[in-house]
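All figures in this text were calculated on a predicted structure; none of them were measured in a lab.
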Amino acid sequence: MPPFMSCFCFKSSRVYRHRPGYEKPSILASETAFTVNEVEALYDLYKKISNSIIKDGLLHKEEFQLALFQSSSKQNLFADRVFDLFDVKHNGVIEFGEFVRSLSIFHPNASEADKISFAFRLYDLRQTGYIERDEVKEMLLALLSESDLALTDDVIESIVDKTMMEADLKGDGKIDQEEWKEYVAKHPSLIKNMTLPYLKDITIAFPSFVLNTEVQD
C-alpha cells in the first residue's frame, strides 16, 4: 500500500503529519460532488501543485498561476479572480479544503445554480453584489488579451453596450444576480467553462498523481 494511502485506511502508532488546512476526505466528499477516492486523488494533485515553488504545503497565487498557465509571473485577471474566490478565508493562500470545495463547483454533477453564482462573483470584480459596465469591459479586455484577439475601441465599446442593454433589465446601470441568471439562461455558453468533464473521475484523469506521486506527507 502506498504510504500516502495508509493514513486513510487504518489507525497506527505512526503519526502522519498532514499539511496546514488538511481535511479528511470523508468530510470533503460529504460536502462536495467528489467521492472519497477522488478527494484522495485531489490531495495528491494539491501536494504536487503546492510544492512547485514555495514548498510550505499551501497553494500560493504563483503556484496556482504556474499550474494553470505554466507561468508564475504572467498577469491574468481571470487567474487572479479565480484564486481570490478559491481563497475563501482571504489569507493569501488556498488550503486543501478550500481547493476541493471550490473545485467542486466545476464538477459535471455540480448544480447549475452554483456555477451561475460562481460566474457572477467572478465578474463582480469590486465585490459590490453587482456587475457594472466597467467590470464587463475589464473582463472582456482580459479575455481578448488571452486569446490574442485585437478589436478596435469602438467594437469593444459596442460589445459592452450591447451586453449591458440586454442584461441590465432594470436599466440602472448594473447587473444584479437575478438579471444575471436571466442573461445566462439566454446565453448558456457563459458558464460552459464552469464545467470540467475530467473532474467526473479525477482518479483516471490524474493517474500519475495517484499511483506515482513523488511528494510525501
Side-chain angles (χ1 to χ4, degrees), residues 45 48-50 52-54 59-88 90 92-94 99 102-108 110 112-199 205-206:
L45 173 61
K48 191 85 169 180
I49 298 173
S50 63
S52 60
I53 298 177
I54 299 177
L59 186 53
H60 294 256
K61 182 172 287 188
E62 300 91 334
E63 294 167 323
F64 190 72
Q65 291 180 329
L66 180 62
L68 289 179
F69 303 108
Q70 287 74 55
S71 171
S72 60
S73 59
K74 182 177 181 179
Q75 294 297 309
N76 182 280
L77 180 60
F78 287 101
D80 287 345
R81 287 300 297 140
V82 173
F83 182 90
D84 291 342
L85 292 178
F86 273 46
D87 177 18
V88 178
H90 305 296
V93 295
I94 300 173
F99 179 71
S102 298
L103 199 59
S104 179
I105 295 170
F106 293 81
H107 195 286
E112 183 178 90
D114 286 344
K115 297 178 188 294
I116 292 174
S117 175
F118 188 94
F120 180 87
R121 289 185 290 138
L122 190 68
Y123 279 84
D124 180 15
L125 302 177
R126 320 281 185 256
Q127 301 175 49
T128 60
Y130 300 95
I131 300 173
E132 301 186 44
R133 187 185 189 283
D134 61 334
E135 293 171 319
V136 173
K137 184 175 180 179
E138 281 189 58
M139 292 298 277
L140 175 59
L141 290 173
L143 179 62
L144 292 174
S145 175
E146 280 303 304
S147 62
D148 294 321
L149 182 61
L151 297 178
T152 66
D153 290 343
D154 287 344
V155 172
I156 291 172
E157 292 296 333
S158 176
I159 293 173
V160 175
D161 286 340
K162 182 178 180 181
T163 300
M164 292 301 298
M165 186 178 300
E166 187 174 351
D168 178 20
L169 301 177
K170 297 185 177 75
D172 55 4
K174 54 191 178 184
I175 304 168
D176 62 29
Q177 294 196 40
E178 289 304 314
E179 290 171 324
W180 176 252
K181 288 177 185 176
E182 291 192 38
Y183 186 63
V184 171
K186 297 175 184 175
H187 303 279
S189 61
L190 284 168
I191 60 169
K192 182 179 179 180
N193 290 337
M194 295 294 302
T195 298
L196 302 177
Y198 64 79
L199 290 179
F206 296 103

Inset, instruction - Could you check Asp168 against Arg133 for salt bridge (charged side-chain N to carboxylate O under 4.0 Å, His left out), going step by step and ending with a plain yes or no? - result: CA-CA 10 Å; Asp168 178 20; Arg133 187 185 189 283; over 6 Å; no
Are there more than 12 heavy atoms of other residues, nucleotides or ligands under 6.0 Å from atom [atom1] of [X]?
{"X": "Glu157", "atom1": "CD", "value": "yes"}
{"X": "Tyr183", "atom1": "OH", "value": "yes"}
{"X": "Asp172", "atom1": "CG", "value": "yes"}

Which heavy atom of [X] sits nearest a heavy atom of [Y], and at what distance?
{"X": "Ala119", "Y": "Ile191", "result": "CB-CG2, 4.0 Å"}
{"X": "Glu138", "Y": "Leu77", "result": "O-CD2, 3.7 Å"}
{"X": "Ser102", "Y": "Leu85", "result": "OG-O, 4.1 Å"}
{"X": "Ile175", "Y": "Val136", "result": "CD1-CG2, 4.5 Å"}
{"X": "Tyr123", "Y": "Leu190", "result": "OH-CD2, 4.4 Å"}
{"X": "Glu135", "Y": "Tyr130", "result": "OE1-O, 3.2 Å"}

Inset, instruction - Start with the C-alpha gap between His60 and Ile53, add the side-chain angles, then the distance that decides, and say whether side chain to side chain contact (heavy atoms under 4.5 Å, CB included) holds. - result: CA-CA 9 Å; His60 294 256; Ile53 298 177; over 6 Å; no
Inset, instruction - On the 0 to 90° scale, with breaks at 30° and 60°, tag the Phe64-Phe83 ring pair as parallel, tilted or perpendicular. - result: perpendicular
Inset, instruction - Return the orientation label for the Phe86 and Phe106 ring planes: parallel under 30°, perpendicular over 60°, tilted otherwise. - result: tilted
Can you tell me if [X] uses its side chain to pair, donor with acceptor, with the backbone of [Y] under 3.5 Å?
{"X": "Thr152", "Y": "Val155", "value": "yes"}
{"X": "Arg121", "Y": "Arg81", "value": "no"}
{"X": "Trp180", "Y": "Ile116", "value": "yes"}
{"X": "Glu63", "Y": "Ile54", "value": "yes"}
{"X": "Asp80", "Y": "Asp84", "value": "no"}
{"X": "Glu179", "Y": "Lys170", "value": "yes"}
{"X": "Asp114", "Y": "Ile105", "value": "no"}

Nearest 0.5 Å, please: how far is [atom2] in [Y] from [atom1] in [X]?
{"X": "Glu182", "Y": "Asp176", "atom1": "CD", "atom2": "CG", "value": "9.0 Å"}
{"X": "Ile49", "Y": "Ile94", "atom1": "CD1", "atom2": "CD1", "value": "9.0 Å"}
{"X": "Lys186", "Y": "Glu166", "atom1": "NZ", "atom2": "CD", "value": "5.5 Å"}

Legend entry - Check against side chain to side chain contact (heavy atoms under 4.5 Å, CB included), Met139 and Leu125: CA-CA 9 Å; Met139 292 298 277; Leu125 302 177; 3.8 Å; yes
Legend entry - Residue pairs passing the ring pair (Phe, Tyr, Trp, His ring centres under 6.0 Å) test where at least one lies in residues 152-173, sequence neighbours excluded: none
Legend entry - Candidate pair Lys181 and Glu178, rule salt bridge (charged side-chain N to carboxylate O under 4.0 Å, His left out), full reasoning: CA-CA 5 Å; Lys181 288 177 185 176; Glu178 289 304 314; 3.4 Å; yes
Inset, instruction - Would you sort out whether His107 and Leu103 count as a side chain to side chain contact (heavy atoms under 4.5 Å, CB included), showing the intermediate values? - result: CA-CA 7 Å; His107 195 286; Leu103 199 59; over 6 Å; no
Inset, instruction - Check step by step if side chain to side chain contact (heavy atoms under 4.5 Å, CB included) holds for Thr163 and Leu140. - result: CA-CA 11 Å; Thr163 300; Leu140 175 59; over 6 Å; no
Inset, instruction - Would you indicate whether the side-chain heavy atoms of Arg126 and Asp134 approach each other to under 4.5 Å? - result: yes
